[in-house]
Structure formats: structure tokens, C-alpha cells
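Contents: one structure, followed by commentary.
In the text below, chain A, chain B and the rest are named by the order of the sequence lines, each starting its count at 1.
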2 protein chains.
Amino acid sequence: MELSPTAYVILGMLAVHPMSGYDIKTTVDYSVRFFWAASYGQIYPELSRLSEAGLVEGAAEPASGRRRTVYRLTTAGQDELADWLAQEPQVFETRDEALLKLFFADAAPDTAAASIDAKRRYHEAVLAQLREIETTGKPEGHPSVVLRFGIESCEWMVAWCEREAGRLREGAVR
Amino acid sequence: MELSPTAYVILGMLAVHPMSGYDIKTTVDYSVRFFWAASYGQIYPELSRLSEAGLVEGAAEPASGRRRTVYRLTTAGQDELADWLAQEPQVFETRDEALLKLFFADAAPDTAAASIDAKRRYHEAVLAQLREIETTGKPEGHPSVVLRFGIESCEWMVAWCEREAGRLREGAVR
DNA sequence: GAAGTCATGTAAACGGTTACATGATTTT
DNA sequence: AAAATCATGTAACCGTTTACATGACTTC
């Protein structure tokens, strides 16, 4: 079967434990969104497709009066997820507007410092969120490895921005 | 004016010196594509739009019989680029399928090593390309700062993958 | 002569975001 | 009573990729 990576995010989340589309969105926003975001506009239609394909199964489980559909992985869904995990990852993409502006900064050299600054602040903000997740969530297993990656790579990014901002101030680039 | 970031990639490239759509694509593939890719399907229509908006100007400059349109920035285009450079960068996005698979690897623990391995090989490949660009292109000014960022961040990524692969082999995660 | 490169462009499809709509429950 | 949260979904739009089409010149 050929599914979009975002479909596998859903399968992966349901592998941990059954949950609603709303729960999936909340969990994604708390975890993988830093390297794979997902919106309601994807999650709900994708859940329908996965259900039709027999990879997940939804059951009405109203919580305190609110209608609610909790999905769980089927055996076929577990197999599909395992197959995907065994395949070589293909997608490595970055969109970094700060690097883009820095690259073109010869056309307006006095903007370079602000671009590096914004990049530093972005990574600092992510770092704060990840540290929050580390202390409140106390993740284990492979998610904790990925979280450590996030924290350490952000630390590296912040350090690079500080170092390069310093070099700019010294006039090393012009 | 509200343009897509990819439009600014075009403006930025033309700020260095006038060139054709084909040249822009070649240059992008050799430089910013690691953090901002662009395809012909974007470049040619975007050049038309920018031309209509008066930000670039095209002139027929056939090279050895082949028809060819060389674009250059207008004064308005230079202003537009400078305005954009002065604005705070907004887009910071990463899509990393290896981290995604690693995150879900509790569902198939023996796949984790291969995902980290693939990530390491990806960054090694990029590193080789960037080092090639460094030796053959000898970039200066801000592009060289960005290139150094690319090289050093890739080195960090490769080192992280090696370290974490080692920890996995030692059975530190399960 | 074939393959590769220079060069321009379009159309379809895809993945994803944003905004909107709805409505119940819970918290302030 | 109002604001926030839980919960589900759709429609429009946007940016991007991929595939295709065309054709001339250059290199092997």
C-alpha cells in the first residue's frame, strides 16, 4: 500500500495507544511536529481513508456527553506500520527563511545580523518547549532519543548563531 | 507587495547578476536548495509574474542560436528584495522521515539502527556536495557563511548519528 | 548518429494549511 | 455569562513537484 508519510504519523500514534483525531493532533503538536507537522485538515480525512482501507478501526466512545470516535490499529495497520518502519527514509527537507536571507544578505549587509538573531530566537524558543516536554513528559524509549536529538541540535544551532553573530560584529564578513 | 519566498529566491539570484530561468534553476540547485528548493514549474511562471509586476525585466539574449531570455532586477525589484531582507524571517520547517521512523521505532525496535544509518548517509552525502562546492566554487561574503553553516551542521548531524548508533548497539535504548 | 545539455514552458496531481462551521462541555 | 477546551469535519486555496512537450545546439 502507498500511503503519505502523514498517514504513517497517524498509524504510529495509534500504535502507542488508541485515541481520537483530536488526541492525535494534540499529541503530534506535543511531539513530532518539530520535524513532521500535521493539521486537522489532514488528520480527519486521512482517518476516514485509513478506516476504509482497514488499517484502523473507529469506535464511538463519547466522553462525558461529547461525541467522540476513538481509533485503534487493526492487525493490518500494525503490519503496514512495521513495513514502513523497515523501509529506508526518503524525505529530508528543510525550509529556513533565515538562512535564505543570510545567503542573499550581500544585497543588504546590515540585515544579516537580524536574520541570524531571529534564527537564534527561534531555536531558543523550540529549545524551551523541548525542555518543558522533557521535564513534564519524561519520555522513554525511542521518543526520548529523538527528544534528545531535538534538544542537542537546537543547542548547537543557538551556539552557531551566537558565534556567527559575534563574527559579524567583528566585521569578519562584509 | 506580497510575494512567495520562492519569488524572493529569484530576486536574490538576479541581484547577484542577470540570468535566465534555466540559470536560476542551476544556481539554486548548486546553493540554496539545501534549505530552499525550487523547480522549473515555479521558476518560469514566477518570472512572468515578477515581470508583469515590474520587479524584473527580461531581454531576449540568444546564446549560440538557442533562444534565451535573460532577466535582470529593476530598481523596484531591488527595493522589494531589500524590504524582504529587512523583515523578520518566519519560516522554519523541517521534514525528516528518519527522525519520524526513529520516533515510532518502539513499534519495531530492530528498524531504529537502519533509520539512523540512513540519516547519517544522507548528511554525509550532503556534506560531500557542500565540500565540493567549497573547493570548486570558492564562495565569499554571506554565501560563504551559509556554506560553512551547512558544512558544520552536517558534521554535527553525522557525529550525532554515529554516537547514537553506538548507544543503540550497546543496548542503551530498548 | 546518439546522448547530453541548454532552454522554456504547461498541466495535472499532490500534500498541506487556513479558515470556517458547528456544537457540547468545562472552567473561570 | 463568557471564555476556553473538546471534538469533528469541510472547502478553498496555495505552493510545489512531476511529468510531459518541444526544439536547438554540442559533445562523444
Rounded distance in Å - OH (A:Tyr22) to P (C:dT25): 15 Å
5' priority, DNA chain C, between A:Ala38 and B:Gly41 [closest heavy atom]: B:Gly41
Integer-rounded Å distance: C:dG16 P and A:Trp36 CH2: 6 Å
Sugar-phosphate only, base, or nothing, as touched by B:Ser39 at under 4.0 Å among non-hydrogen atoms: base
Crowding at CD, A:Glu140 (>12 non-hydrogen neighbours, <6.0 Å): no
Test applied, side-chain contact (heavy atoms from CB on, under 4.5 Å); reference residue, A:Lys25; option that passes from A:Asp29, A:Asp23, A:Val28, A:Thr27: A:Asp29
side-chain N/O B:Arg66 vs C:dA7 OP1/OP2, d < 4.0 Å: no
Note: A:Arg72-A:Glu61 ion pair, threshold 4.0 Å (strictly below): no
Upstream residue (5' side of DNA chain C) when B:Arg95 and B:Arg68 are each assigned their closest nucleotide: B:Arg68
Presence of B:Thr69 side-chain N/O under 4.0 Å of C:dA7 phosphate oxygens OP1/OP2: no
Ion pair check, B:Arg131 and B:Glu155, cut-off under 4.0 Å: yes
Residues A:Arg163, B:Glu152: salt bridge by 4.0 Å N-O rule: yes
Length of the OH-P vector between B:Tyr40 and C:dT5, whole Å: 12 Å
Plane angle bin for B:Trp156 and A:Trp156 - parallel if under 30°, tilted between 30 and 60°, otherwise perpendicular: tilted
Touch class at under 4.0 angstrom, heavy-atom based, for B:Thr6 against every strand present: sugar-phosphate
Outermost nucleotides of DNA chain D that come under 4.0 Å of a non-hydrogen atom of chain A: D:dT5 to D:dT16
